[in-house]
Amino acid sequence: MEVRLFNSLTRSIEPFRPLDPKGEAVKMYTCGPTVYNYAHIGNFRAYIFEDLLQRHLEARRFKVERVMNLTDVDDKTIRGCRVMGVRLAEFTQRYKDAFFEDLAQLRIKRAAHFPAATEPRYIQRMIEMITFLESKDFAYKAEDGSVYFRISSFADYGRLAHLNLEELRPSGRINTDEYEKESIGDFALWKVWNEEDGDVWWESPWGRGRPGWHIECSAMATAILGPELDIHCGGVDNLFPHHEAEIAQSECFTSKQFVKYWLHCAHLLVDSQKMSKSAGNFYTLRDLIERGYTGREIRYALISVHYRLPLNFTLAGLDAARAALSRIDAWVRRLHERAQAASAGGVPSFPESESFLKALDDDLNISGALACLFDWIRDTNRMMDLGELSEAQAAKCLADFGVINSILACEAAQIDVPKEITQLLEERQNARAARDWALSDTLRDRILSMGWMLKDTKQGQQVTRNS
RNA sequence: GGCGGGGUCGCCAAGUGGUAAGGCCGAGCUCUGCAAAAGCUCUAUCGCGGGUUCGAUUCCCGCCCCCGCCUCCA
């Protein structure tokens, strides 16, 4: 069985074979955030999908080198820093920091590289690329002083989005003041400075200005990963024009096929609506954490719907994620209790962890994979009910679950029980020994009110809490 | 108008030409001093109408809804 992925370029599911002749190394580029605000859960849906992809490929023994860029200069970041009256770098730094905190909360594996558009070496590279493109007539300087890519010079333009350029229809989003362009579809490589840019500008052969959005990804991707990438991901909304533009710029510059597999995840809806601040259904990760949800729960909710399907995000869905996780937690705890220090040596692997991976091989069929996991949970729970799961088998189960968890990253974090709780538990234990149920119940309420779940088992009291 | 995605149990959501995974919720049972938690068990004929077929949710045709994208929103 091999990994198969839906390639937007061909609109079909294809076997995944990396460019690396040894079939090991995978070069993966993922469009990252524009750091002008806290990222919202729609953004994170995309990053979690990419995380799932990376982790699964790694479980399948690929060596993934992933790049995620940070867009730290554009209209919104410039506007933001001017409103706050701070320098651009200072403004974006706070959202970069926040972004990395959020990634950690969501257990998203860090990319190998997080290049930022304004790093001098990348600005330099963008200028080099644009200079080259202009010299080959792929680009031109327009009357307004900006440099545009000439889409008519690249025959493949439109191939990724499968758009017929002749039939493009104005959507109302066109910036009508860009009449200087030769063609409506031409996009900016270099934007000439204007007053609204304030002190944000770089010197270039075309005068002061700043790079266009698309060129940064081409520059950073090829600078770090080379001219040819295996995988490039992003949200569907980036498919056109952003990725189309990236292909055009990159391929005209390198004369090589830029990306072999293009993967796009669908949008996230909130309560069946497009998320928007005006509709009041706009959530950042921080909003949800304030509501008492954990990064782990949010991760599970976002990962558990196939990436090419619109994900309808709801608080009820988060509650469902919480319940599903606590079921997994309880199972893992039970396995630990059963396994104790037993070694799994000699016990054959349970087939479920492999069927889990096989489901993911099929274009990341997460629903199928989770079904394998829960079937497995039910079966082994039943075995434990009947006393038919040996200590060694339980240990093996945990080892096999480790593979699944290396992808889902769903296991509960170890939380130390604080002293106050331990003390209350001790008191309650004494009360119970004395059959003082009233006191026992009072103490239970107190523990519950402090945010801990309490359960009486044959082995005594057990406390847990959401993580 | 063009391109694309989707309509499967109350909610979320797999899947297959042969009579429908899984999760949540709900119900029942077990456990328990009572609870809670947990565990087990149970719960659908797949948008509508045709066609192909021994047989379709799965293939074809038509229709009805919903949702994206069509120049800088993951």
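Proteins come first, then strands; the chains are lettered A, B, ... in the order of their sequence lines, and each starts at number 1.
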Base-pairing assignment for [N] (Watson-Crick or G-U wobble, both under 3.5 Å):
N	value
B:A38	B:U30
B:C59	B:G51
B:G4	B:C67

Could you go over nucleotides 4-10 of chain B and give all protein N or O partners under 3.5 Å, atom names and distances?
{"residue": "B:G4", "atom": "OP1", "partner": "A:Arg11", "partner atom": "NH1", "Å": "3.4"}

So what does [X] hit on the nucleic acid, given a heavy-atom distance under 4.0 Å: a base, only sugar-phosphate, or nothing?
X	value
A:Gly42	base
A:His264	nothing
A:Asp319	nothing
A:Phe374	sugar-phosphate
A:Ser326	sugar-phosphate
A:Ala323	sugar-phosphate

Checklist entry - Would A:Glu101 and A:Arg286 pass as an ion pair if we require N to O under 4.0 Å? => result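 Yes, charged N to carboxylate O under 4.0 Å.
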Next on the checklist: Salt bridge or not between A:Lys191 and A:Asp197? Use side-chain N to carboxylate O under 4.0 Å.
Outcome noted: no
Can you measure [X] atom [atom1] to [N] atom [atom2] for me and round it to whole angstrom units?
X	N	atom1	atom2	result
A:Arg428	B:G33	CZ	P	11 Å
A:Asp379	B:A21	CG	C1'	13 Å
A:Asn69	B:C72	CG	C1'	14 Å

Checklist entry - A:His264 vs A:Trp262 aromatic rings, parallel, tilted or perpendicular, using cut-offs 30° and 60°? => result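 Rings of A:His264 and A:Trp262: parallel, under 30°.
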